[in-house]
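First up is the structure itself, then whatever we jot down about it.
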Protein chains: 4
Amino acid sequence: MPAGRPRDRAVDDAIRLAVFELIAEQGYQAVTMEGIAARSGVAKQTVYRRYSGRGQALVGALTEHGARHIPVPDTGTLAGDLAALLRDTFDSLTAGIGAVLRAVIAETLHDEALAELYRREHVELRRDVVRELLARARARGEIGPADDEFLVDLVFGPMWYRLLIGHAPLTETLARQLAAAVAAAAAIPAD
Amino acid sequence: MPAGRPRDRAVDDAIRLAVFELIAEQGYQAVTMEGIAARSGVAKQTVYRRYSGRGQALVGALTEHGARHIPVPDTGTLAGDLAALLRDTFDSLTAGIGAVLRAVIAETLHDEALAELYRREHVELRRDVVRELLARARARGEIGPADDEFLVDLVFGPMWYRLLIGHAPLTETLARQLAAAVAAAAAIPAD
Amino acid sequence: MPAGRPRDRAVDDAIRLAVFELIAEQGYQAVTMEGIAARSGVAKQTVYRRYSGRGQALVGALTEHGARHIPVPDTGTLAGDLAALLRDTFDSLTAGIGAVLRAVIAETLHDEALAELYRREHVELRRDVVRELLARARARGEIGPADDEFLVDLVFGPMWYRLLIGHAPLTETLARQLAAAVAAAAAIPAD
Amino acid sequence: MPAGRPRDRAVDDAIRLAVFELIAEQGYQAVTMEGIAARSGVAKQTVYRRYSGRGQALVGALTEHGARHIPVPDTGTLAGDLAALLRDTFDSLTAGIGAVLRAVIAETLHDEALAELYRREHVELRRDVVRELLARARARGEIGPADDEFLVDLVFGPMWYRLLIGHAPLTETLARQLAAAVAAAAAIPAD
DNA sequence: CGCTAACCGAGACGGTACGTCATGTCTTGAC
DNA sequence: GTCAAGACATGACGTACCGTCTCGGTTAGCG
């Protein structure tokens, strides 16, 4: 199976960079397949060769950027771990990733295939971290049997709520309160 | 000041109906100013006379539909009230309003003015109900001083998370677990 | 049956002008739906509303331009009439219409529907003139019964041959020789 | 000077075959450099190595196919020779070469270099045959001094006219009428 | 026998144009 | 002034070819 000309890695970078710059400078509306091509100095077809649409481009740029490694905190207590994780997450969302995530969600809302991709490539990785924190706390005897999936929803729900509805910012206070609330909920015996 | 021809109320209904039908039958993608006009047998300009864009049409159709009255449960306990409220809310989301809300959010994500409108016309009304439940519980001595805004986020966060990310359904179990978790969190002294 | 906004006549003119200018200045290659739109300052969709493609636009611009009236010469003899007609025709072809016709033919060669349109709107009108000249000559007793369709082909064939193959120019000499040859052929009894 | 790998003759054939098949099965529109490559199972670059474009490929395939030898009829009279030549020519045009020629002309209409090539490689060869027939007739004393170039145009003009405009087929009747007309015109003293 | 050069398949790449769709504005005539 | 109809400028969509390029992998002939 002959290979043909290999893909140019520099093009991948140019596209990803263009996506981030467009979203930062002109907002999500400006992220358009045509705009990405123009901004990155790449042919439209070349963008389509990598991503089948705006949404795929956003998810692609995102995962290539942030999925490197998600630090798993270890402070000794569940509440401490959760507070540290949330603080870190809030920081990166506030720094700029938040705008990208909002754009990604806007796309997933009318493309279930993309939603599935996004959940697999991004959401589940974050949920796994919390699952691990819960398992560790349980190993320490800090919490008993519980519905971990519900607890994970409890950890991330308010964050997404504020990020997407925009009625309140992602503050450090929220991180602390949430960590405490989840720890308390984890102590409730599962039903 | 001549009055001119009065607006046709039947047109309002036709437009709203078209929005709901389009979203139900063909999904949010199909909700387009042109599509609404075609489906409702109304001129495009006539739709624009009422709503300045897709987002406004969605929010308009939504508030006209559901904002009539939000029943405030009264079971005697905070957890009971919350569970009842969440059950009702989940039911209506699952029944079809969920798809509309997802569409609305998709729009608000790139239109801050619309987001503000939506929060005022829809989100805050729901938050007010929970605020009232919390106030009642406090009056009963069930809970002490607490950060009510955080508790409201705790109530609605996981719901939006599941609705928008789509990783899990809105079950009755979630309503019960969430009510219990919020009640527990409400018992933690505010800091 | 309500009419909607009427078409802007100025737009028609702008489009036709753009077609002629493009063909004159940059050649047939530059006649592109996108180019026409850009040149005429009109939206692409507006061009498509009138013409369904490059070919239709060319034929449209052509018929609107030249089909006003084809002068029918009357010199008293068939050869004189034909020579006058051919001289006029050659003049207009050499002046610029020739380039348009070449473009039109290029299009008709891969669009039979367009070819049919072109024959009806343009070719047959010219053939009719020669048919009339032949009828007049016959009425004068100048010629006998003959296959007029063949004679018409004889009149126009060499012209198209030179125009499309480009091996020789359309000179006055050709007009004279051709007129004489056709007159001679018309005298041959039909078989 | 090392030679490198020699060209694969089978590839030449595959390309030419693809051109003819495409034109026959899907029409001239389908004759595209990419289409030729795909159809012949050859790399695009390999096609470009032989022909610099669609037009070149068409002319190439054509000359490789038909330019072997053009039979020069010899019936004893000019009219007989011309009729025989035209009959043969019409037959081959109707059989399939006509479609190729139409395609070639479409290309030459916006590529003067190609037009020049085509005239040299194809048109002139046919004209030479008629020039020879005229010379022979003159040697026999059948005709006097005349403008042979004009007579050649008279022979081929109607054929191209019908082939390219498509208003009438290339019949045997036309061959006979045309031969007679040209013979008559050849008898007119040159001016 | 190994080197060098051209060939060949595959397919990426920067382009241009295609024809379609939705946007939001406008103009007309009827009511 | 509302309404149905539909033209209009704008701009993105996703596709198709263009002609060039870079790969890896043959074939030759020349040294």
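A note on names: the letters A, B, ... follow the listed sequences, proteins ahead of strands, and every chain is numbered from 1.
Inspection of the B/Q56 and B/Y118 side chains reveals no N or O donor paired with an N or O acceptor under 3.5 Å.
Residues C/V100 and C/V19 are not in side-chain contact: their nearest non-hydrogen atoms beyond the backbone lie 4.5 Å or more apart. In this structure the side chain of A/L117 never reaches within 4.5 angstrom of the side chain of A/T108, judged on heavy atoms.
Taken residue by residue, residues 13-27 of chain D places no heavy atom nearer than 4.0 Å to DNA chain E. Applying a 4.0 Å cut-off to non-hydrogen atoms, the residues of residues 29-50 of chain B that approach DNA chain E are B/T32, B/M33, B/E34, B/K44, B/Q45, B/Y48, listed by residue number.
Following rounding to the nearest Å, B/R9 (CZ) and F/dC3 (P) show an atom-to-atom distance of 11 Å. Atoms CD (B/E107) and P (E/dA22) sit 14 Å apart, rounded to a whole Å. Rounded to whole angstrom, the span from the NE2 atom of A/H110 across to the C1' atom of E/dA22 amounts to 13 Å.
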Could you go step by step and tell me if A/R102 and A/E107 meet the salt bridge (charged side-chain N to carboxylate O under 4.0 Å, His left out) rule? CA-CA 9 Å; A/R102 288 167 52 94; A/E107 288 303 306; over 6 Å; no
Take B/R50 and B/D12 through the salt bridge (charged side-chain N to carboxylate O under 4.0 Å, His left out) test and state the conclusion after the steps. CA-CA 8 Å; B/R50 286 161 172 75; B/D12 296 63; 3.1 Å; yes
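Electrostatic pairing of B/E112 and B/R119 counts as a salt bridge here, judged by a charged N lying under 4.0 Å from a carboxylate O.
In this structure a side-chain-to-backbone donor-acceptor pair under 3.5 Å is missing from A/T46 to A/V42. Between the side chain of D/R54 and the main chain of D/V31, a donor-acceptor pair closer than 3.5 Å is present.
Residue-to-nucleotide proximity on DNA chain F shows that, of C/R5 and A/R5, the 5′-proximal contact is made by C/R5. Where D/D12 and B/R54 each meet DNA chain E at their nearest nucleotide, the meeting point lying more 5' is that of D/D12.
At E/dC7, one or more side-chain N or O atoms of D/R7 fall inside 4.0 Å of OP1 or OP2 (strictly under the cut-off).
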